[in-house]
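Beneath this line is the structure, given in structure tokens, with notes to follow.
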Amino acid sequence: FWLKAQAAAPGPPHGRVRRCPLARPPGALAAMARTSTRAAKCTRTISAAFNTLIVALPLYFLIRRFSNLGPTLLKECNGNCTFIRFWGTPDLPRSAEKFLPGRNASDSGVPVYITVQNGEKNFQVGEPGWYQFGQRFYCRLALILSKITNTEKIIKGLTNTSILNEELFRYSEAICPEHTAEQMRETCAMDASKEKVVNHLQHSAMLKIYLFCVPLCAILYIVHDALIIWEGAPEILTLCLGYLSLVPQVFAFAAGLLWATGAAEVFFAPLSKTCGCYYELQMIPMFAMIAVPVGIYMFTRNKLWKLGYATLHGDFLFGTSYDIPYRAAVVYNSDPTYGFINLPDSFGAGDPSDEGPARRGLTVKQFKMPLKVLYDGLGWLFVVFSLYSFYAFALPTLTVRFYNVVVVNVIKGGIQFEDYFAAACGLFLLVAPCYVIFKQCQRLHFLYQLYTKEKEHIGIHSYTPPCLNKSIRGPLLALEACLMIILSLLSLRLVGLLWQGKHLSADSAGIVAAGGFYLFTAILNSWVPSDTTFCALSEAIAIKGGAVPAGGLKEIETLNDDEPRLGLRAEALYARKFATENGNMAICRRGLGVPKEEESQWQKFLAEQLGGNERRLAGSPAAGLAPQEERSPLMGGPCQGQAP
């Protein structure tokens with residue numbers, strides 16, 4: 001009826017503005033749009049925070065639950081219990097020979113494996129051999145680092161224990177004078193004896209750090225996501241906050257792994273001043289306690305890589321995951337199985353294309369400082385804590401317990417329901433060396449192809465001294481690949497012990513620990529997220545900050561062709577343009593030993609080019625769109641004579 005009345009109304013047939021009968025003044029519509037936008041942002045912030053808390057809170061309470069041991073979680077050491085302890089308490093010192101009853105041997109500094117059995121007076125001590133050189137070398141470095149950083153004093157302050165006075169430490173005997181061996185085992189199997197266990201996990205300094213870092217990391221996640229959703233903070237602030245959130249995450253997995261090694265050790269229940277019972281955790285609780293920090297470690301490793309991609313392409317929400325069609329992942333990502341999808345219109349700060357989303361508001365100076373410096377600092381922090389907690393202490397200790405479970409519970413006792421996970425771990429030990437050899441052979445083949453390609457283009461004898469770094473990089477990577485293959489082959493000794501079904505002892509435990517160290521070191525250096533190394537991500541960030549790679553500006557174009565996921569399309573285009581205009585400069589051919597004037601001229605040229613194409617994010621997901629309130633559906637449509 002209203003349309004018919006409008007058609008019959010007098011007036012010019014063209015140029016008439018048709019207005020909806022329910023239309024409001026533009027100011028009222030803008031206010032309504034802003035109100036709806038605020039409500040939507042509040043909803044999105046709460047949703048992102050909920051996604052973070054739904055993972056962090058159960059994890060926090062699960063860790064607290066694991067720290068409280070009950071009698072049902074403990075298994076008496078009436079058979080052999082083999083363990084190693086790197087830090088001690090008065091009842092359970094470090095597993096050094098000088099702390100054993102009846103012995104006054106010298107302390108070599110590195111703990112050894114010890115076997116204890118309830119009802120037996122003597123402790124068995126393992127003798128380290130040549131096969132354990134790599135693992136013990138890492139362990140010795142970690143213990144030296146502990147002394148340099150006064151870790152022992154920090155632990156003393158957190159636990160209020162006199163752990164520095166090791167002269168008072170001594171292992172108690174596993175048999176009391178008034179008991180026979182059988183009576184001692186029967187006494188240790190009683191729940192009343194288990195109730196006397198001294199729980200070194202509950203009062204551990206690592207547990208306090210662990211429980212503090214998990215909620216702190218969740219809080220930083222929530223604040224980071226809120227800043228992105230509300231679009232009020234510059235991107236460099238959200239990126240730096242994302243870097244900061246990784247720090248407690250690194251501390252969490254390091255403290256969690258050191259705490260979990262305590263779960264793989266023995267527990268002591270004193271029956272008198274000189275004797276007591278020894279226990280170890282049941283298999284399922286032990287696996288659960290170990291799985292949590294290992295999962296945090298893998299998540300932190302993946303997060304470090306994603307922060308590098310976020311620096312190159314744009315920040316993302318930590319508490320939200322996205323599901324996209326596989327065909328889109330194949331088109332937009334060179335590795336469709338990797339979780340970070342870099343779209344073609346998100347290539348850094350200054351994509352010269354006029355299409356796609358608004359450009360980011362980062363400058364060349366911001367990439368150089370602070371982003372490059374902070375990201376490299378995060379990488380070093382992750383590497384140091386991984387070497388300290390994961391490689392030196394956690395890997396050897398946890399491998400010994402896995403091996404013991406596989407051999408004792410599966411090979412000797414038959415596969416039960418609760419042993420399927422242990423059997424899967426045994427299968428993993430058999431297959432993992434093959435995976436390492438396959439991945440490293442792939443890298444060697446790729447390096448050989450690069451070598452032949454470089455030889456064809458410039459010739460093997462045309463390297464100048466400033467390009468020496470570039471010529472050495474390939475052989476160093478090839479040497480690293482060969483070393484990983486050697487470590488995986490060394491780990492086959494562990495597979496041999498597993499195949500023979502040899503029981504764990506103090507001597508064989510050192511071999512098992514070294515085999516696990518070699519195997520997992522090779523695996524973690526063979527698999528990297530998205531098959532892009534950390535050095536490549538760091539170099540790409542440096543290039544966006546105006547740095548010149550060793551091969552000169554021409555290497556930027558080569559790197560963009562080889563690694564398109566790094567997002568150096570704009571930098572490669574401008575490097576080609578700069579080389580066309582200044583082809584006689586040394587910086588076009590090499591990056592080492594070039595004059596400071598040429599490097600400054602390139603950085604100034606790059607900043608000018610990127611600044612001219614930079615459009616800051618203005619709250620709209622596509623370029624050319626008006627702000628949110630101007631493109632509200634309440635204001636558009638045919639009622640105002642506009643195209644739908």
Side-chain angles (χ1 to χ4, degrees), residues 55-69 84-89 92 94 111 138-139 141-161 163 199-221 243-265 281 285-304 377-398 401 520 524:
V55 176
L57 288 180
L59 183 64
Y60 177 83
F61 290 108
L62 184 66
I63 297 170
R64 291 192 66 89
R65 174 65 184 87
F66 283 154
S67 63
N68 298 320
L69 298 180
I84 186 172
R85 278 181 66 84
F86 298 98
W87 293 280
T89 56
L92 284 176
R94 287 187 299 115
Y138 264 87
C139 180
L141 284 180
L143 292 175
I144 292 174
L145 182 63
S146 296
K147 294 181 179 180
I148 294 176
T149 57
N150 289 327
T151 303
E152 293 182 348
K153 292 184 178 180
I154 297 174
I155 295 176
K156 178 184 177 182
L158 291 172
T159 56
N160 295 322
T161 58
I163 69 168
N199 185 4
H200 57 262
L201 295 179
Q202 191 172 16
H203 304 289
S204 171
M206 295 299 107
L207 177 62
K208 296 182 179 181
I209 299 175
Y210 197 10
L211 292 175
F212 174 76
C213 290
V214 170
L216 177 61
C217 184
I219 293 172
L220 292 176
Y221 273 31
Y243 292 167
L244 181 62
S245 68
L246 194 72
V247 175
Q249 199 166 322
V250 170
F251 277 89
F253 85 72
L257 286 171
L258 294 177
W259 178 70
T261 57
E265 299 165 357
L281 273 180
M286 183 197 66
F287 282 165
M289 295 176 70
I290 293 171
V292 173
V294 171
I296 296 177
Y297 168 81
M298 298 304 296
F299 181 75
T300 305
R301 192 166 188 254
N302 190 39
K303 178 70 175 301
L304 179 63
L378 279 181
W380 279 107
L381 181 71
F382 176 80
V383 168
V384 169
F385 275 81
S386 297
L387 294 177
Y388 182 80
S389 62
F390 199 54
Y391 289 90
F393 301 131
L395 280 182
T397 305
L398 304 182
R401 287 305 306 268
F520 285 100
L524 293 174

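Any value given below was found using the heavy atoms of this structure, including those in side chains, with hydrogens, waters and symmetry copies removed.
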_Non-hydrogen atoms of Leu257 and Ser389 that approach each other most closely_ = CD1-OG, 4.0 Å
*Indicate the atoms forming the closest heavy-atom contact of Ala264 with Thr397, along with that distance.*
CB-CG2, 3.7 Å
*Verify side-chain contact (heavy atoms from CB on, under 4.5 Å) between Cys217 and Phe251, making sure each step is shown before the conclusion.*
CA-CA 10 Å; Cys217 184; Phe251 277 89; over 6 Å; no
*Pair Gln249-Tyr297, side-chain donor/acceptor within less than 3.5 Å*: no
*Determine the sole option in Val247, Leu304, Leu246 for which the side chain to side chain contact (heavy atoms under 4.5 Å, CB included) test with Phe382 is passed.*
Leu304
*Ring centres of Phe212 and Tyr60 under 6.0 Å apart?*
no
*Is the backbone N or O of Tyr210 less than 3.5 Å from a side-chain atom of Trp259, with the two atoms forming a donor-acceptor pair by type?*
no
*Taking Thr261 for its side chain and Leu258 for its backbone only, find out whether a donor-acceptor pair lies under 3.5 Å.*
yes
*So, do Leu201 and Met289 sit near enough that their side-chain heavy atoms are less than 4.5 Å apart?*
yes
*Should Arg64 and Leu207 count as side-chain neighbours, where that means a heavy-atom distance under 4.5 Å?*
no
*What closest approach, in Å, do Ala254 and Phe385 show between heavy atoms, and which atom pair accounts for it?*
CB-CD2, 3.5 Å
_Minimum side-chain heavy-atom gap Arg85-His200 below 4.5 Å_ = yes
*Do Leu220 and Pro248 come close enough that some side-chain heavy atom pair is under 4.5 Å?*
yes
*State, with a plain yes or no, whether a side-chain heavy atom of Leu59 is found less than 4.5 Å away from one of Ile296.*
yes
*To the nearest 0.5 Å, how far apart are CZ in Phe393 and CG in Leu398?*
12.5 Å
*asked:* Is the shortest side-chain heavy-atom distance between Tyr391 and Ser386 below 4.5 Å?
replied: yes
*Minimal non-hydrogen separation, Met286 against Arg401, with atom names*: SD-CZ, 3.2 Å
*Got a second to check how far Leu244's CG is from Leu216's CG, nearest 0.5 Å?*
7.5 Å
*With rounding to the nearest 0.5 Å, note down the distance linking CG in Leu378 to OG1 in Thr300.*
11.0 Å
_When you compare the side chains of Gln202 and Ser67, does any donor N or O come within less than 3.5 Å of an acceptor on the partner?_
no
_Backbone of Leu524 reached by a side-chain donor or acceptor of Arg301 within 3.5 Å_ = yes
*Mind listing the closest non-hydrogen atom pair of Ala252 and Cys213 along with its distance?*
CB-CB, 3.8 Å
